[in-house]
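The structure under discussion appears below in the form of structure tokens.
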Amino acid sequence: QVQLVESGGGLVQAGGSLRLSCAASGRIVRANTMGWYRQAPGKQRELVATITSGSSTNYADSVKGRFTISRDNTKNTVYLQMNSLKPEDTAVYYCNADITYSKGILFSTEDYWGQGTQVTVSS
């Protein structure tokens with residue numbers, strides 16, 4: 001019913017910047033909280049940042065002051081601006097969204113994940 005498509009990952013040197021995008025598509029009624037998580041090799045997936053439909057934000061301590069999450073509700077898209085990147089930011093970054101969508105005459109709300117995009121920061 002709903003798909004999340006991420007873009008913007010890549011290879012960057014330490015101190016550099018990247019911007020990730022995640023667009024939700026489908027029979028979307030409302031995109032609720034959206035966010036980014038990451039998973040480094042051999043580690044558990046962890047929260048990076050979230051943003052509510054009212055644009056309240058929450059960040060992991062490790063990225064505060066360096067990363068900025070934002071969203072465009074007209075496009076059902078969430079962004080992650082990553083500045084001052086460090087080698088320890090290297091991970092697969094996953095978009096997550098709580099989406100209310102149409103199922104005929106009914107609405108349903110489910111949690112969705114993107115396919116992941118690789119971010120590699122070289123020292």
Side-chain angles (χ1 to χ4, degrees):
Q1 299 285 352
V2 174
Q3 285 189 320
L4 302 182
V5 178
E6 301 150 349
S7 60
L11 172 65
V12 65
Q13 288 189 328
S17 299
L18 283 174
R19 189 190 194 211
L20 306 182
S21 299
C22 172
S25 63
R27 303 177 69 176
I28 297 170
V29 174
R30 183 178 60 251
N32 304 305
T33 297
M34 305 180 80
W36 292 93
Y37 292 72
R38 66 186 181 186
Q39 187 167 18
K43 295 187 177 181
Q44 289 189 330
R45 190 172 297 188
E46 64 177 5
L47 169 74
V48 176
T50 61
I51 184 167
T52 68
S53 57
S55 294
S56 295
T57 58
N58 179 53
Y59 294 93
D61 288 343
S62 60
V63 306
K64 282 181 181 177
R66 300 188 298 122
F67 291 9
T68 301
I69 190 170
S70 61
R71 63 189 289 167
D72 184 338
N73 290 332
T74 66
K75 297 179 180 179
N76 294 319
T77 298
V78 62
Y79 306 96
L80 186 68
Q81 178 66 44
M82 303 185 293
N83 298 329
S84 302
L85 282 159
K86 304 175 180 180
E88 51 264 43
D89 294 317
T90 294
V92 177
Y93 284 70
Y94 295 92
C95 174
N96 174 264
D98 185 71
I99 301 286
T100 299
Y101 64 94
S102 171
K103 291 178 66 175
I105 63 172
L106 300 177
F107 293 165
S108 184
T109 298
E110 292 184 17
D111 194 63
Y112 291 90
W113 290 91
Q115 79 282 2
T117 185
Q118 177 70 47
V119 171
T120 303
V121 185
S122 63
S123 57

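By convention here, the first residue in the shown sequence is residue 1.
Counting non-hydrogen atoms of other residues, nucleotides and ligands closer than 6.0 Å to CD of Q3 gives a total of 12 or fewer.
Residues V92 and L85 are members of separate hydrophobic clusters, defined by side-chain heavy-atom contacts under 4.5 angstrom among Ile, Leu, Val, Met, Phe, Trp and Tyr. Residues Y93 and Y79 do not share a hydrophobic cluster, defined by chaining ILVMFWY side chains whose heavy atoms lie under 4.5 Å apart. Both Y59 and L20 sit in one connected hydrophobic cluster of ILVMFWY residues. Membership requires side-chain heavy atoms under 4.5 Å apart, directly or through other members.
With values rounded to the nearest 0.5 angstrom, N76 atom CG is found 6.0 Å from I99 atom CD1. The structure places OG1 of T68 at 10.0 Å from CD1 of I51, a figure rounded to the nearest 0.5 Å. Expressed to the nearest 0.5 Å, how far CG of D89 lies from CE of M82 amounts to 7.5 Å. Here the CD atom belonging to Q44 is positioned 14.0 Å from the CZ atom belonging to R38, to the nearest 0.5 angstrom. Rounding to the nearest 0.5 Å gives a distance of 3.5 Å between CD of E110 and OH of Y101. Put simply, OG on S70 and CD on Q81 are 8.5 Å apart, with the number rounded to the nearest 0.5 Å.
No side-chain donor-acceptor contact under 3.5 Å links R19 to the backbone of G9. Using a distance-only test at 3.5 Å, with no hydrogens or angles considered, no donor-acceptor pair links the side chain of T74 to the main chain of D72. Side-chain atoms of R66 come within 3.5 Å of backbone N or O of S84 as a donor-acceptor pair. Remark: side-chain polar atoms of T90 are paired, donor with acceptor, to backbone N or O of V121 under 3.5 angstrom.
Between S102 and F107, the shortest heavy-atom distance links the atoms CA-CD2, 4.1 Å. Residues C95 and E6 approach most closely at N-OE2, 2.5 Å, considering heavy atoms. Nearest heavy atoms, Q39 versus A91: O-CB, 3.4 Å. Residues N83 and S17 share a closest heavy-atom pair of OD1-OG, 2.9 Å. Nearest heavy-atom pair across Y112 and L4 is O-CD1, 3.4 Å. Summarising the geometry of A31 relative to S53, their closest heavy-atom pair is O-CB, 3.8 Å, with the distance given to 0.1 Å.
When ring centroids are compared, Y37 and W113 come within the 6.0 Å threshold.
The side chain to side chain donor-acceptor pair (under 3.5 Å) check on T120 picks up Q118, with sequence neighbours excluded.
For T33 and D98, the side-chain atoms include no donor-acceptor pair closer than 3.5 Å. Of the N and O atoms on the side chains of T109 and N32, not one donor lies less than 3.5 Å from an acceptor on the other residue.
Residues P87 and Q13 have side chains not in contact (no heavy-atom distance under 4.5 Å, counting atoms from C-beta outward).
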Stepwise side chain to side chain contact (heavy atoms under 4.5 Å, CB included) test for T57 and T50
CA-CA 6 Å; T57 58; T50 61; over 6 Å; no

Worked check of side chain to side chain contact (heavy atoms under 4.5 Å, CB included) between V78 and W36:
CA-CA 9 Å; V78 62; W36 292 93; 3.8 Å; yes

Is there a side chain to side chain contact (heavy atoms under 4.5 Å, CB included) between I28 and T100? Walk through the geometry before answering.
CA-CA 6 Å; I28 297 170; T100 299; over 6 Å; no

Passes side chain to side chain contact (heavy atoms under 4.5 Å, CB included), N73 versus R71? Steps please.
CA-CA 6 Å; N73 290 332; R71 63 189 289 167; 2.6 Å; yes

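Salt bridge K64/D61: present, at least one basic N to carboxylate O contact under 4.0 Å.
For the pair R45 and Y94, the distance from NZ or CZ to the six-membered ring centre is under 6.0 Å and the angle to the ring normal is within 45 degrees.
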